[in-house]
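Following: one structure in structure tokens, then a few remarks.
As the structure is a computational prediction, the values presented were derived from the model and not from experiment. Computation of the quantities below employed the complete heavy-atom set of this structure, encompassing side-chain atoms and omitting hydrogens, waters and symmetry-equivalent molecules.
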Amino acid sequence: MLFGSFKYLSKFSDFPEYYTVSWMVTHGCGADIYNLSRYEMAQNQFFPQMSERIVGFYLAPMAVPLLLPVHLLPLQHSFFLWFVFLLICTLASIFLLVKGLQLSLKSALMIWAFTCISGPVFESLRIGQIGPVLLLSYSAFILCERLNRPWLSAIALLPFLCKPHLLLPQIAFLA
């Protein structure tokens, strides 16, 4: 099974990054998440097959609260649930885009089809990146803007603090 394979996790996934940070923070080692040697030791504890490489934590510190629940279940189940969470975020994004842009059924089905064949969406799901969370955030932003809810729009963009440089297009749009 693809999701239960630790070889898969160590070769092609960003999940070890998220799991390690979640564990370190909840076990009192949060100050060390950017200390590469301590972080590597912790990551190798959970993913010993990664001894030849490391998936460093390159997200902003504001991403940590989003990642905290990742390690609450056993490692094998956490990865599968992370994938399901990302898939739900992707589906919810499509729903919010359709609502926010007031699209017809035909347009909604076209967005669904393009999302299904999209390389970036596929890769983001395959390697467990936070892209679907950011897509959901942006889709919620569009819907809240359509409903003229500026405070909700701002709150919808909070996940972008994980990657603050991606907020620049939104700031330009709002200006």
Side-chain angles (χ1 to χ4, degrees), residues 1-4 8-9 12-23 25-26 33 55 57-73 75-175:
M1 179 174 186
L2 181 64
F3 303 113
Y8 172 78
L9 286 176
F12 303 111
S13 178
D14 285 356
F15 183 74
E17 166 188 1
Y18 308 140
Y19 189 88
T20 303
V21 167
S22 174
W23 186 91
V25 169
T26 56
I33 62 174
V55 180
F57 183 63
Y58 300 112
L59 298 177
M62 289 76 71
V64 172
L66 175 69
L67 300 174
L68 286 179
V70 171
H71 87 285
L72 294 178
L73 295 172
L75 185 57
Q76 297 85 351
H77 303 298
S78 293
F79 176 66
F80 176 73
L81 291 175
W82 179 250
F83 173 79
V84 170
F85 170 70
L86 295 177
L87 185 61
I88 289 170
C89 285
T90 303
L91 297 174
S93 298
I94 295 169
F95 176 78
L96 291 178
L97 281 173
V98 168
K99 287 288 221 187
L101 298 174
Q102 298 176 338
L103 299 175
S104 67
L105 178 62
K106 182 179 177 182
S107 297
L109 292 173
M110 284 177 44
I111 285 182
W112 170 251
F114 286 129
T115 301
C116 288
I117 63 171
S118 168
V121 171
F122 174 77
E123 283 300 309
S124 189
L125 290 171
R126 186 178 73 85
I127 64 175
Q129 292 182 329
I130 64 165
V133 176
L134 298 179
L135 179 61
L136 177 61
S137 172
Y138 195 67
S139 299
F141 165 76
I142 290 172
L143 179 62
C144 292
E145 281 295 303
R146 167 75 65 187
L147 297 174
N148 197 24
R149 306 284 182 143
W151 286 102
L152 287 177
S153 297
I155 291 170
L157 289 177
L158 283 177
F160 275 87
L161 291 176
C162 297
K163 294 190 171 215
H165 62 284
L166 296 178
L167 272 174
L168 293 176
Q170 281 79 357
I171 292 169
F173 168 77
L174 292 172

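Judged by distance alone, with hydrogens and angles left aside, the side-chain atoms of S22 form no donor-acceptor pair with the main-chain N or O of Y18 at under 3.5 Å. Side-chain atoms of S78 never come within 3.5 Å of backbone atoms of H71 as a donor-acceptor pair (strictly under, hydrogens ignored). In this structure, T26 contributes its side chain and W23 its backbone to a donor-acceptor pair below 3.5 Å.
You'll find the side chain of L161 reaches within 4.5 Å of the side chain of L167, heavy atoms only. Within the 4.5 Å cutoff, the side chain of L59 has no heavy atoms near those of the L66 side chain. Looking at L125 and P132, their side chains come closer than 4.5 Å, going by heavy atoms from C-beta outward. In this structure, the side chains of V121 and F114 stay at 4.5 Å or more apart for every pair of heavy atoms. By the 4.5 Å heavy-atom criterion applied to side chains, V64 and F57 are counted as neighbours. Within the 4.5 Å cutoff, side-chain heavy atoms of L96 are placed close to those of L136.
Contact detail for L73 and Y19: the closest heavy-atom pair is O-OH, 4.1 Å. Closest approach of G128 to D14, counting heavy atoms only: O-CB, 4.3 Å. Counting all heavy atoms, side chain and backbone alike, P16 lies closest to S13 at CD-O, 3.4 Å. Heavy atoms only, all atoms of each residue included: P159 and I155 are closest at CD-O, 4.1 Å.
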CA sep, side-chain torsions, deciding dist, call: I33, T20, side chain to side chain contact (heavy atoms under 4.5 Å, CB included): CA-CA 8 Å; I33 62 174; T20 303; over 6 Å; no
Pair up each side-chain donor or acceptor in residues 99-113 with any protein partner under 3.5 Å, not counting sequence neighbours, and list the distances.
{"unit_1": "S104", "atom_1": "OG", "unit_2": "S107", "atom_2": "N", "d": "3.2"}
{"unit_1": "S104", "atom_1": "OG", "unit_2": "S107", "atom_2": "OG", "d": "3.2"}

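Listed by first and then second residue, the side-chain hydrogen bond (donor to acceptor under 3.5 Å, both in side chains) pairs involving residues 133-152 are E145-S153 (not counting sequence neighbours). The list of side-chain hydrogen bond (donor to acceptor under 3.5 Å, both in side chains) pairs with a residue in residues 82-98, not counting sequence neighbours, is empty.
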